[in-house]
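In what follows, a structure is listed as structure tokens, so that the remarks can point back to it.
Both counts, for ligands and for their atoms, begin at 1 and track the order of listing. Quantities reported herein were computed from a predicted structural model and do not represent experimental measurements. We count residues from 1, following the sequence as given.
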Amino acid sequence: MIIGIPKEIKPAENRVGMTPSGVLELVKAGHTVYVQSTAGMGTDFYDEDYANAGAQILPTIEEVYAIAEMIIKVKEPIEPEYKLIKENQLLFTYFHFASCEALTKAMIEQKAICLSYETVETPDRRLPLLIPMSEVAGRMATQEGAKYLERTYRGRGILMGGVPGVPPARVLVIGGGVVGTQAAKIAAGMGADVTIMDLNLERLRYLDDTMPANVHTQVGNEMRIREAVKENDLIIGAVLIPGAKAPKLITRDMLPTMRQGTVLVDVAIDQGGCFETSKPTTHDDPTYIIDDVIHYTVANMPGAVPFTSTLALTNATLPYAMQLANKGWVKACKENSALKLGLNIIKGDVVYKGVSEAFDLPLRSVEEVLEQA
Ligand SMILES: NC(=O)c1ccc[n+]([C@@H]2O[C@H](COP(=O)([O-])OP(=O)(O)OC[C@H]3O[C@@H](n4cnc5c(N)ncnc54)[C@H](O)[C@@H]3O)[C@@H](O)[C@H]2O)c1
């Protein structure tokens, strides 16, 4: 198959769809890979690295889209890319269609085959191409939180691990899924006193068994959160209710009860945020302060660590990309139910329920489309 890796053109996006080592595996399997010149620069991968892995370098994004049967990238295409996409071209990337009608309409019009990373789902209901970014965001939430606790940033001026004779910082993680677990693990490693709150008792049992001794678990409810916000120095919001907006677990009236310089990191901001006072920020200006409480609410946290994020993403996407390249999308999706669930739009037909519902578009059965393809 002919595969294209374009440079990401969405503002502030430094990741790239495939690492040189991923390209090498695709080339070894007999595929031809075209990489746009400087596509990997934001991640510290250079044209020479891709060329050494067997890729052919093309100077412009137009040439990459024009030649490729499958495009592998990171973010959804943005407006200048719409017209570059060809009929029958397979696009393997994050789309988040339900949040953008213009993108959905454009992909229908271009008659492309859109396979979305975020809806690839295994039979045990895991989202293998979302997990790596949650892992990055979770670990980063603690790293950023620890930084903003410093007095220079108007934080409480407390060291995560304390020192002998001085108690450590107290960290509350609300939501014990992928993000929350990784956030708690890093906070525990730094020596903080950590509490994970979740509604799922089974999950809390598992965390209690596997986490270090300085991590405690608690079932979350409003009264406990009201008490906990008074005592914790860093509070990380990491809840998810699939397909719904995040619930507002910390409300405006709780802010004056917190200690001056408390840091709130709302990782769930991409689902609307789980703190009432959260509004999305960017890496250029990541925080704001209300009632002396610091809010960190960056919607694309992994974008700040493109090296780690690109490697983590390629580790997860490569096995799927390989199946698509080796078998073609029809056979690969027929044989792998996780990949099949990634299909959102096929040659103008919407085949994913969430997308059809979001914009009141007709829904076709994916099985029927696959049979006729
Ligand atoms: N900002 C970013 O850059 C970024 C990056 C990755 C993920 N995220 C977001 O982080 C959030 C968490 O993602 P995840 O992968 O960890 O999800 P997950 O499904 O693995 O975990 C969510 C957890 O929240 C718990 N939960 C739900 N409602 C709760 C409540 N009211 N109180 C306490 N716990 C509750 C669930 O039981 C579950 O354990 C999502 O909103 C996701 O979109 C943001």
Side-chain angles (χ1 to χ4, degrees), residues 10 12-15 74-75 94 96 98-99 116-122 124-145 172-186 195-208 210-211 216-226 228-229 235-251 264-276 278-283 286-287 295-306 308-309 312-313 316 354:
K10 194 167 179 173
E13 182 53 67
N14 288 305
R15 290 172 289 179
V74 182
K75 296 304 275 186
Y94 288 119
H96 298 287
S99 61
S116 305
Y117 289 165
E118 70 275 8
T119 65
V120 171
E121 186 178 326
T122 57
D124 60 357
R125 310 216 61 191
R126 286 182 315 108
L127 302 168
L129 305 187
L130 268 188
I131 288 173
M133 292 307 109
S134 286
E135 289 170 336
V136 171
R139 292 185 174 209
M140 207 178 138
T142 303
Q143 184 172 313
E144 292 297 308
L172 172 67
V173 180
I174 312 180
V178 180
V179 169
T181 303
Q182 298 305 321
K185 199 188 274 183
I186 297 300
T195 301
I196 305 179
M197 266 188 195
D198 203 292
L199 299 179
N200 182 339
L201 203 50
E202 274 314 305
R203 181 71 189 164
L204 291 181
R205 283 199 180 100
Y206 168 78
L207 291 170
D208 185 71
T210 52
M211 281 283 165
H216 321 284
T217 58
Q218 201 173 40
V219 171
N221 60 38
E222 185 182 332
M223 195 179 281
R224 286 190 184 136
I225 291 176
R226 277 192 184 281
V229 298
I235 304 173
I236 296 174
V239 303
L240 177 67
I241 302 176
K245 280 193 114 180
K248 303 294 177 205
L249 300 175
I250 293 186
T251 48
L264 303 184
V265 177
D266 196 346
V267 187
I269 189 68
D270 61 339
Q271 303 293 328
C274 59
F275 309 147
E276 194 179 0
S278 294
K279 53 173 197 224
T281 58
T282 61
H283 289 294
T287 60
H295 293 60
Y296 176 100
T297 46
V298 175
N300 68 330
M301 294 173 68
V305 286
T308 306
S309 301
L313 188 61

Could you tell me whether the side chain of D208 reaches within less than 4.5 Å of the side chain of R205, counting heavy atoms only?
-> no

Excluding sequence neighbours, so at least two apart, what forms side-chain hydrogen bond (donor to acceptor under 3.5 Å, both in side chains) with T142?
-> none

Any side-chain heavy atom of M197 sitting closer than 4.5 Å to one from I225?
-> yes

In a simple table, one pair per line, please give the protein and ligand 1 atom names for every N or O pair closer than 3.5 Å, along with the distance.
from	atom 1	to	atom 2	distance (Å)
ligand 1	1 (N)	V267	O	3.1
ligand 1	1 (N)	V298	O	3.2
ligand 1	1 (N)	A299	O	3.2
ligand 1	3 (O)	A299	O	3.0
ligand 1	3 (O)	M301	N	2.7
ligand 1	15 (O)	S134	OG	2.8
ligand 1	16 (O)	V178	N	3.1
ligand 1	16 (O)	V179	N	2.8
ligand 1	20 (O)	V178	N	3.0
ligand 1	24 (O)	L240	N	3.3
ligand 1	37 (O)	D198	OD1	2.6
ligand 1	37 (O)	D198	OD2	3.4
ligand 1	39 (O)	D198	OD2	2.7
ligand 1	41 (O)	V239	O	3.4
ligand 1	43 (O)	D270	OD1	2.9
ligand 1	43 (O)	D270	OD2	2.8

All pairs passing side-chain hydrogen bond (donor to acceptor under 3.5 Å, both in side chains) where residues 127-141 contributes a residue, at least two apart = R139-Q182

Would you mind checking if R15 and E13 are paired as a salt bridge, meaning a charged N to carboxylate O distance below 4.0 Å?
-> yes

Sequence neighbours excluded, the answer for side-chain contact (heavy atoms from CB on, under 4.5 Å) partners of H96 is Y94, S99, E118

